[in-house]
Number of protein chains: 2
Amino acid sequence: MTVKTAPISSNRAAMRVTINDMAEALNLTKSTVSRALNGYADISETTQRRVKRMAEKLNYQPLSHAQAIKTGRTRSLGLVLQLSDHDAQRPFLAEFLAGVSRGASAEGYTLTVASADNHDHLIETFQNLLRDGKADGFILPRAMVDDPRVTLLRDGNVPFVLFGRQDADEGCCWHDVRGEDAMRDAVLHLNRLGHKRIGFINGGLIYSYAKLRRAGFEQGMAEAGLPVDRGIFVEDAVTVKEGAAAGALLLDHPNRPTAIICAVDHAALGVYQSAAARGLKVGSDLSVIAYDGIQEGLHAQPPLSTFAVDTQHSGNRLATLLVRRIRGEPVELLRETVPAIFLDRGSTGPVPKTAN
Amino acid sequence: MTVKTAPISSNRAAMRVTINDMAEALNLTKSTVSRALNGYADISETTQRRVKRMAEKLNYQPLSHAQAIKTGRTRSLGLVLQLSDHDAQRPFLAEFLAGVSRGASAEGYTLTVASADNHDHLIETFQNLLRDGKADGFILPRAMVDDPRVTLLRDGNVPFVLFGRQDADEGCCWHDVRGEDAMRDAVLHLNRLGHKRIGFINGGLIYSYAKLRRAGFEQGMAEAGLPVDRGIFVEDAVTVKEGAAAGALLLDHPNRPTAIICAVDHAALGVYQSAAARGLKVGSDLSVIAYDGIQEGLHAQPPLSTFAVDTQHSGNRLATLLVRRIRGEPVELLRETVPAIFLDRGSTGPVPKTAN
DNA sequence: TTGATTTCCGAAACCGGTTTCGGCAAGTGA
DNA sequence: TCACTTGCCGAAACCGGTTTCGGAAATCAA
């Protein structure tokens, strides 16, 4: 029994150009116009050009939701965010969205964003968006090991692209930053500075990057001819607190490391704390290299040397890849990785003379 | 000359229930079903209930883009993000989006996100989304003085809701946090601690909040019976750097303040720096209260006392208000403010005995 | 009882596109 | 010259909804 109030913005679309206007202006039928614009072979080259020029002139673009009624596709990309606390990605969300949005709009697509808290709600969110045709495909940030989203979408035959890689790569395409190379380079960088005792603090094991970064670290150690000591090797530290705990463990080791590599910046900030608590100066007594490129790292003392990710660029690439996937390109052609960018900001130094 | 590859996910919507299925199941025509669901008066109560129950049972929901073709509305809210650097909102973007998304989906709406860099692109982005019918209305984060977005949308008769207030309030509805009350409370809180020399560092003047927070500060001073000294009063500091500069100015004043109120947290962190540079201990030598509730403030030494905003809740409210606006409710009923939440974390203290 | 209203639903047009189908005209081969 | 393609476009159906209009049945007034 609510009062019916008239929705506002009645004449807002102010007579946009429809396909009928186009047909009239060109003295063709709308079916011909439609097929010309979609590049059908049974429309002559001449007519196609003529139609496309007119579309340009009249600034005509088909309404995506009008097309969708027949094609089922709305020209929009879906992105489902998950609110997890310890998310190094979060400060970069704005850049990421900007990149995705730009990549999408370059292809005539838009971006639909939803968020989910728990797991059930996550699946439900995808399904709702799909049922309502609000997304033609999805960008999956933060690829996880055995990612439930992948299972869902793959089974549903829905296009998707991962930010991160996937072991079971069937039907998967992705864009990722080569964290393994970063970890390897970090080892070699430290080794050039004379370090031989290098500890490692890995990130969240539920994410697929952890395995890669661990392997990168191990490869770097192998290349440097250094043994990996599991006594100064910790997994699954993603918060400052966990990083501090891991750092304490490493620094209290009887033969403590002169350098520590962290798979995520937050953990490194924790290492800063435990180093300070033990009277160790980061940058001289202890070298630290991490990964992510968060802002806090820049403001830390000393500024944290880390591998940064061009999140905006990654967002852009992900959108582009997804659109190509939606258009039917095979996944094998839609897998790419880019290097991280080393920011040598000052948390490393030559191995201390008085080491141990 | 691109190879035509077949788009994937052909049968993905796996036979969703359409209005025709409904009509058949109910032995009614689809026009009746449609009108029943939309609550038309010329459909009997009995039939309406019957139809709605069936919709429930079959899990039927009309395709928004199928409705849109006739109604022009796609049941989606638009949000255009601007990439401006010094944006305290950014760390909260995830929460904000979560709130908006939740509020929207509760009303059967989804969220379309786009981003813009410069001003021209901003307007263009709105217009593209409108022309394509990708958004029925917009949430405008960070209300500005003489906001160009407001002008555009108001003239275009497009529904919108502001996060923040607007002086020229015609056609505007909003949700906002009462920063002015926060500033006032900050003054009174400090005054209760004995402070009489209280400096003020305002935030970005292009935003509409600046005027309000200034007024709140002045009102607090008036209520406390304190004069406002323009010598310890700075405008337009939004970054750590600008905050440090402003702090320096205030602290170098011959009769320096014993407390400083900042309109934004980042500025307060700058004040921390200039206080440290002068050998002043925040929390004892100098009290500081700010506004925003950013995470860095918690990790600062001492933790920054500040007024926090429940960004997720605000996002939720904004979505709800916008939907109501789209449905035609008058703007006057769609204006609300909520209080900020004071987090007394430790950057204030009694006025120092040896003051000056 | 009859004429005038209401009440309530069906029929059909419509929205802006896409896609199938059919057919005319020009070209091709014998 | 005639049958057969081929190239190219129009006609019309269709997608899944909304909305206008008209009319049958039930109710009401007289």
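Just so we're on the same page: letters track the sequence lines, and every chain starts at 1. Just so it is clear, the model here is predicted, and its values are computed rather than measured.
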Taking 4.0 Å as the cut-off, does a side-chain nitrogen or oxygen of Thr29(A) come that near to OP1 or OP2 on dG10(D)?
yes
I'd like to know if Lys70(A) reaches the base of dG17(C) with its side chain, counting only an N/O donor and acceptor under 3.5 Å.
no
Quick check on dC9(D): is either OP1 or OP2 less than 4.0 Å from any side-chain nitrogen or oxygen of Thr47(A)?
yes
Would Asp147(A) and Arg142(A) pass as an ion pair if we require N to O under 4.0 Å?
no
Nucleotide nearest Ile43(A) (side chain, heavy atoms from C-beta), chosen from dT18(C), dG16(C), dC9(D):
dC9(D)
Give the residues of residues 51-62 of chain B touching DNA chain D, defined as any heavy atom closer than 4.0 Å, sorted by residue number.
Tyr60(B), Pro62(B)
Using a cut-off of strictly less than 4.0 Å, decide whether Ser44(A) has a side-chain nitrogen or oxygen near OP1 or OP2 of dC9(D).
yes
Plane angle bin for Phe138(B) and Phe126(B) - parallel if under 30°, tilted between 30 and 60°, otherwise perpendicular:
perpendicular
Once the angle between the rings of Phe163(B) and Phe96(B) is folded into 0 to 90°, is it parallel (under 30°), tilted (30 to 60°) or perpendicular (over 60°)?
parallel
Would you indicate what Ser34(A) reaches in the nucleic acid, counting non-hydrogen atoms under 4.0 angstrom: base, sugar-phosphate, or nothing?
base
By nearest atom, which of the nucleotides dG17(D), dC8(D), dG16(C) is closest to the Ile19(B) side chain?
dG17(D)
What's touching nucleotides 23-27 of chain C from the protein side, N or O pairs under 3.5 Å?
none

Can a side chain N or O of Arg16(B) be found less than 4.0 Å away from OP1 or OP2 on dG17(D)?
yes
Let me have a per-nucleotide readout for nucleotides 20-26 of chain D, 5' to 3', with B, S or -, counting only protein heavy atoms under 4.0 Å.
BB-----
Side chain of Leu63(A) (C-beta onward), nearest among dA11(D), dG17(C), dC9(C):
dG17(C)
